[in-house]
Amino acid sequence: MVKLLPLRRPSSPPSRRDGGVLRRASKVGGMIPNALTIMGLCAGLSAIRFGLEGNLLLAALGVLAAHLFDILDGRFARLLDKTSRFGEILDSLADFLNFGIAPVLILYQWQLVELGNPGWIVALFYVVCCALRLARFSADAHNDKPHWQHGYFTGLAAPAAANLVLAPVYFHLAGVGTFAVLPQIVAAVLLVAAMLMISRVPFFSGKSMEFGAVRRIHTPILLAGLALFLTLLVYYTWIVILALLGLYLCSLPFSVRSYLAHKRGWNGV
């Protein structure tokens, strides 16, 4: 005897209402990276205001907040697969204000004004170099290049440069290094950061870093380390930021060596 199986009811196609909900959800998800970029832009503008008012603490926190939003908008865009040309241009414009103009106005109001015209010329030089750096980055983003090159920045990135030029402010807020309040020191740091931005020196970008070693760490140890880092960041904010900045700059010889090794391997040398 042949046993008949009950017929399966054909699955109904998604309704028009469900399709509308999915489209709205996708549209909202696509707005998240741009919304984060706008929030970073507002943080940079607020940093300028506080810097002009002489409030170094809030001005520095504003630039750091803009840096945080700059990290998050790119991560969310890649996570949600919502990268777009519009978002790239908006991000570049926000970076120019947050990391090219805001730090210079803060430093000029704080120290460089005492140097007169030379102080303003140094400030202009940094802004021009930042614009050139961002323009080169935007142009290179659409050029075909080996996958391994995505792990490096050509020249110092604008957010890192902004933190470098604000290092005297961080020293001042930390209450250490009275040398940082000298206008000549501030101008010298601006010049060094500007030259590094337009240079061809490779810096680690962090985008292609391997996190396999982190994944192998036991979760309790990882959480304990994260808790310790956050605690130190809360109680010793400026010391921790200066330490992170110092570690990144100290990684330069390793990034150059790694870049040259990849380049030799790519060229078959």
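Just so it is clear, the values below take in all heavy atoms, side chains as well, and ignore hydrogens, waters and symmetry mates. Position 1 is the first residue of the sequence; numbering continues from there. As the structure is a prediction and not an experimental result, all values here were calculated from the model.
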Quick one: OG on S46 to CZ on F50, what's the gap to the nearest 0.5 Å?
5.5 Å
Closest contact, heavy atoms only, F137 versus F153:
CE1-CE2, 3.9 Å
For the CG atom of L166 and the CH2 atom of W238, what is their distance to the nearest 0.5 Å?
9.0 Å
Checking A187 now: which residues fulfil side-chain contact (heavy atoms from CB on, under 4.5 Å) with it, not counting sequence neighbours?
L112, L115, V122
OH (Y126) and CG (L191) are apart, to the nearest 0.5 Å, by 11.5 Å
Which atom pairs, one a donor and one an acceptor, fall under 3.5 Å between side chains of residues 90-107 and the rest of the protein, sequence neighbours left out?
from, atom 1, to, atom 2, distance (Å)
N98, ND2, G40, O, 3.3
N98, ND2, A94, O, 3.1

Could you tell me whether the side chain of V234 reaches within less than 4.5 Å of the side chain of F229, counting heavy atoms only?
no
Sort and list the pairs that fulfil side chain to side chain donor-acceptor pair (under 3.5 Å) and have at least one residue in residues 101-116, not counting sequence neighbours.
none
Locate the shortest heavy-atom distance separating A66 from A43; write the atom from each residue and the value.
N-CB, 3.9 Å
For S255 against L252, the heavy-atom pair lying closest together:
OG-O, 2.7 Å
Residue pair T237, I239: steps toward the side-chain contact (heavy atoms from CB on, under 4.5 Å) verdict:
CA-CA 6 Å; T237 305; I239 299 297; over 6 Å; no
Side chains of L57 and N55: closer than 4.5 Å at any heavy-atom pair?
yes
Should V128 and L190 be counted in the same cluster of Ile, Leu, Val, Met, Phe, Trp and Tyr side chains packed under 4.5 Å apart?
yes
Between L164 and L156 the two heavy atoms that sit nearest each other are CD2-CD2, 4.0 Å
Contact summary for R136 and M197, nearest pair of heavy atoms:
NH2-O, 2.9 Å
Membership question, hydrophobic clusters at under 4.5 Å side-chain separation (ILVMFWY): are L247 and L232 in the same one?
no
May I ask whether V240 and L230 are part of the same hydrophobic cluster, defined by side-chain heavy atoms of I, L, V, M, F, W, Y residues being less than 4.5 angstrom apart, directly or through others?
yes
When hydrophobic residues are tied together by side-chain contacts of less than 4.5 Å, even through go-betweens, does L233 share a cluster with I71?
no
L72 side, atom CG; M39 side, atom CE - distance, nearest 0.5 Å
9.0 Å
Verify the neighbour count for atom OH of Y248: are there more than 12 heavy atoms of other residues, nucleotides or ligands below 6.0 Å?
yes
With rounding to the nearest 0.5 Å, note down the distance linking OH in Y152 to CZ in F203.
13.0 Å
Nearest-0.5 Å distance, CZ of residue R75 to CG of residue L80:
13.5 Å
Establish, from distance only, whether the side-chain atoms of Y170 and N163 form a donor-acceptor pair under 3.5 Å.
yes
Indicate yes or no for a side-chain donor-acceptor contact from S84 to the backbone of G87 under 3.5 Å, with no hydrogens or angles considered.
yes
Do H262 side-chain atoms and S258 backbone N/O form a donor-acceptor pair below 3.5 Å?
yes
Could you pull out the closest heavy-atom pair between A193 and V165, with the gap in Å?
CB-CG1, 3.4 Å
Any chain of hydrophobic side-chain contacts (each under 4.5 Å) joining F69 to L79?
no
